[in-house]
Amino acid sequence: MGGQGAAFPLLGQPATGLRHLVRRFSWVYSPSLPDLAFALRTSLAAIISLLIAMWMELDSPQWAPLTVWVVAQSSRGESLSKARWRIVGTLVGGVAAITLMAAFPQAPGLFFCVLALWIGLCCALATLLDQYRAYGLVLTGFTSAIIATGAITQPDDVFAVSVARSSYIILGVLCEAVLAVVFMPRIVEHARTALLARLDETFQATCNTIAHQLCTAAGAEQQALTSALLRRIVAFSGQIEFSALELGPRNHVGDHARRALAGMLVMLAHARALQILRPPMQLPPGREEQVAGHALAAWLERDAMPDPAGGKEWQPITTALLGEMRLVMREMTACATAPHGDRFRFSLTSRRHVREALNNGIRSAAAIMGAWWLWEVTAWHHGSAFISFVALIYGLMATRENPLVATTPFLKGGLWCAATAAVLALWVIPAITAPEILLLALIIPMTVGGLAARRPELAGYAFSFNMFLPVLIGPMNMGRFDEVGFLNNTLAFLGSIVFVLLTYRVVIPFRLDVHIRRTMAWIGQRLRNLARPQALTDAPAWLSGCAASLVRILFHAAALPAPVLSACLTQQISDMTVGIYIIRLRDLLRSGSLPPRTRRVVALFLARWHKGQATPAVAHVLAWARYEQTRHPSGADHALLSEVVACLRIIAVSQHEKTDTVIAGR
């Protein structure tokens with residue numbers, strides 16, 4: 001019995017391992033309904049665009065389904081935005097390609113030098129933009145390269161090639177749009193419902209984080225909660241543009257939603273200030289898990305207001321937190337029921353560093369020149385296709401925060417794409433004699449690729465698989481790829497990915513430590529500039545920009561040692577908190593409501609802060625403000641001095657924490 005009992009675990013181990021392996025592929029055999037709908041919709045749109053292009057007897061019909069997979073996104077708003085900018089970028093890129101070909105006839109060296117500079121300029125400027133506006137700009141560059149290299153053997157046909165490429169793009173966009181309308185009816189109602197639900201969930205998460213923050217001391221757990229919420233808010237803010245597109249023109253729902261999210265960031269900063277000014281609070285009974293907005297407001301009004309005996313420093317902060325919370329609720333209500341004659345506008349921009357844009361442009365231009373040099377040296381028959389693939393991949397990766405991280409799964413997905421295309425192009429496609437059979441042959445691999453695109457851990461693989469599968473198969477009306485043609489085309493594709501990977505490693509490689517130092521220096525400069533009397537940055541804009549920079553650092557959190565990441569987060573959150581109270585002091589000074597003596601001292605403090613010389617003087621100014629507060633025991637001056645004291649104390653404590661963090665990080 002003992003021997004048998006000992007053998008049972010051994011017999012069960014292979015079954016357990018097999019079960020785990022089977023569960024890993026549950027996204028294929030047991031997908032969710034939204035994932036399956038997205039995969040089928042996009043696959044059908046891609047195949048239909050391919051069949052229409054073949055019916056129109058276009059020379060390269062495979063570019064139409066590639067466009068479908070590029071444009072297709074999980075939400076309709078994303079697809080609309082990307083399709084719009086893709087069409088604009090394609091048309092401008094076609095004009096640029098014709099211009100370059102006409103400007104440098106029979107001068108390939110000059111032509112590729114100017115083409116490289118043009119693509120580098122597009123990639124550099126795209127790094128400074130947000131969302132799909134950046135994609136439209138890089139598309140302009142790589143479309144120029146694709147059209148120019150496609151017509152380089154016959155320059156007189158460049159206009160025809162440009163028109164053909166533009167036709168593929170428009171055909172792919174139209175097919176994706178038609179299928180999306182069929183698969184997603186009542187899009188406006190669903191978009192509004194989804195936006196309001198996500199706003200409610202984010203506001204609930206903000207209230208819970210604030211409650212937890214006020215009831216516990218600052219530490220690693222609180223830092224993790226705040227970081228997770230910042231990621232959530234910044235990601236949601238970037239998606240609002242697409243929800244507004246789904247809701248149609250002439251609405252301001254996106255503006256109200258963006259202001260509500262910015263208000264949630266302000267609420268977090270005020271809560272951090274309350275955590276500094278007063279000891280931990282106690283949650284009301286029965287509210288240990290969830291604290292809704294109205295419940296949080298009632299709790300703060302009851303427990304966070306100071307008692308008459310003392311502790312009045314945090315009263316202005318509590319009042320500001322409650323006021324911002326009410327403003328957020330009003331903005332959320334405006335999202336649900338638009339006010340009559342609504343003309344509200346609110347926009348936020350995420351800062352990009354000029355140095356990163358310059359590096360991106362230089363890297364892209366160097367890659368195009370290197371690809372042309374390889375073609376010139378080897379005289380490879382498929383060299384033009386190689387350059388086209390290099391330009392296309394650079395366009396797809398140029399606006400990524402760290403392109404090297406994104407290119408590695410892109411290569412793995414390309415290998416799967418090449419293997420699948422080999423089976424289809426060499427054995428399946430030659431036996432097909434009808435469009436219906438072609439649809440059946442392509443629907444399965446494309447649907448699997450569409451399902452993989454909905455999995456975050458597989459999206460990088462699916463990105464290259466879905467886009468380039470039709471390109472590597474190369475279906476045509478009057479022929480097919482032979483083995484030599486297929487191998488050359490596939491080699492050009494895989495070689496271009498490897499070439500891009502090497503250039504990202506060799507030509508001005510991305511360094512996380514340099515990126516963090518540059519971000520910290522930029523935030524420090526902005527923090528000093530907030531004290532200028534003519535500065536216009538308000539609290540929502542300041543916090544939104546800082547949160548976006550912090551989230552970009554959190555994107556690389558796995559590559560950072562835990563102490564370095566903790567120190568970085570603490571410094572960033574400290575600067576975010578200090579910034580809104582520098583803004584408040586600036587606004588109090590600008591209003592002219594402060595007593596004359598206080599006005600002069602605050603003006604001197606802000607002037608020294610702008611020069612970076614105020615940190616040693618914060619404690620002295622705080623002591624002076626407390627003394628002035630005793631000279632005005634009541635009235636409006638006392639309330640204003642209380643607010644000045646609260647701002648100065650928050651600045652002093654945050655700067656002290658930041659100094660300790662820098663020393664500990666070293």
Side-chain angles (χ1 to χ4, degrees), residues 217-218 266 269-279 310-318 320-321 520-533 535 537-539 542-543 546 567 569-591 593-632 637-666:
V266 177
H270 286 318
R272 170 63 181 147
L274 276 180
Q275 189 182 38
I276 292 173
L277 293 179
R278 62 159 298 150
K312 296 182 180 181
E313 279 187 348
W314 61 78
Q315 182 173 7
I317 310 303
T318 306
L321 174 57
M520 293 298 185
W522 170 70
I523 290 178
Q525 180 64 39
R526 284 194 69 201
L527 185 60
R528 291 192 296 272
N529 289 338
L530 291 176
R532 292 186 302 121
T537 304
D538 58 3
W542 161 252
L543 292 175
C546 291
L569 294 180
T570 301
Q571 291 182 55
Q572 285 263 71
I573 293 173
S574 174
D575 286 340
M576 291 169 67
T577 306
V578 168
I580 66 169
Y581 294 103
I582 292 291
I583 292 172
R584 183 55 186 159
L585 287 176
R586 183 198 70 198
D587 292 344
L588 286 172
L589 179 65
R590 189 180 293 170
S591 68
S593 57
L594 293 173
R597 282 163 51 92
T598 307
R599 191 184 313 141
R600 288 194 295 271
V601 172
V602 170
L604 179 61
F605 170 75
L606 291 178
R608 296 189 65 181
W609 182 273
H610 175 52
K611 296 178 181 178
Q613 302 170 353
T615 301
V618 175
H620 302 291
V621 178
L622 175 59
W624 181 89
R626 282 174 170 164
Y627 170 74
E628 282 292 299
Q629 191 179 18
T630 62
R631 296 182 65 248
H632 300 82
D637 289 348
H638 178 80
L640 290 170
L641 283 167
S642 298
E643 191 166 359
V644 171
V645 168
C647 293
L648 290 171
R649 187 182 170 196
I650 293 165
I651 293 170
V653 174
S654 298
Q655 291 296 96
H656 181 70
E657 287 181 350
K658 181 179 177 180
T659 303
D660 291 345
T661 302
V662 172
I663 295 174
R666 292 176 181 172

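If you're wondering where the values come from, they're calculated on a predicted model, not measured in any experiment.
- In this view, E628 and R597, R631 satisfy the side-chain hydrogen bond (donor to acceptor under 3.5 Å, both in side chains) rule, not counting sequence neighbours.
- Side chain of R532 to backbone of H610: no donor-acceptor contact under 3.5 angstrom is found.
- Residues meeting the side-chain hydrogen bond (donor to acceptor under 3.5 Å, both in side chains) test with R584, sequence neighbours left out: E643.
- Residues L585 and F605 have side chains in contact (heavy-atom distance under 4.5 Å, counting atoms from C-beta outward).
- Partners of D538 by side-chain hydrogen bond (donor to acceptor under 3.5 Å, both in side chains), not counting sequence neighbours: none found.
- For the atom pair I583 CD1 and L606 CG, the distance stands at 11.5 Å (nearest 0.5 Å).
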(request) Dump the intermediate steps for side-chain contact (heavy atoms from CB on, under 4.5 Å) on L622 and I651, then the final yes or no. (result) CA-CA 10 Å; L622 175 59; I651 293 170; over 6 Å; no
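- Between V644 and L588, some side-chain heavy-atom pair lies under the 4.5 Å cut-off.
- Sorted by first and then second residue, the salt bridge (charged side-chain N to carboxylate O under 4.0 Å, His left out) pairs involving residues 608-622 (not counting sequence neighbours) form an empty list.
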Donor-acceptor pairs under 3.5 Å, side chain of residues 269-277 to any protein atom, not counting sequence neighbours: which ones?
from: H270; atom 1: ND1; to: Y581; atom 2: OH; distance (Å): 2.7
from: R272; atom 1: NH1; to: Q275; atom 2: OE1; distance (Å): 2.9
from: R272; atom 1: NH2; to: E657; atom 2: OE1; distance (Å): 2.3
from: R272; atom 1: NH2; to: E657; atom 2: OE2; distance (Å): 3.1
from: Q275; atom 1: NE2; to: Q213; atom 2: O; distance (Å): 3.0
from: Q275; atom 1: NE2; to: T216; atom 2: O; distance (Å): 2.9

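- In this structure, I650 and I317 have side chains that are in contact, with non-hydrogen atoms separated by less than 4.5 Å.
- The structure places CG of L604 at 14.5 Å from CZ of R599, a figure rounded to the nearest 0.5 Å.
- With sequence neighbours excluded, the residues forming a side-chain hydrogen bond (donor to acceptor under 3.5 Å, both in side chains) with S593 are S591, listed by chain and number.
- The OG1 atom of T570 sits 11.0 Å away from atom CG of D575, with the distance rounded to the nearest 0.5 Å.
- What you find for Q655 and S574 is that their closest heavy atoms are N-OG, 4.4 Å.
- What you find for W542 and R526 is that their closest heavy atoms are CZ3-CB, 3.7 Å.
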(message) For a side-chain contact (heavy atoms from CB on, under 4.5 Å) check, start with the C-alpha distance between D587 and R590, then their side-chain angles and the critical distance, and finish with the verdict.
(response) CA-CA 5 Å; D587 292 344; R590 189 180 293 170; 4.2 Å; yes
(message) side-chain contact (heavy atoms from CB on, under 4.5 Å), that's the test. Do L527 and L530 meet it? Break it down for me.
(response) CA-CA 5 Å; L527 185 60; L530 291 176; 4.0 Å; yes
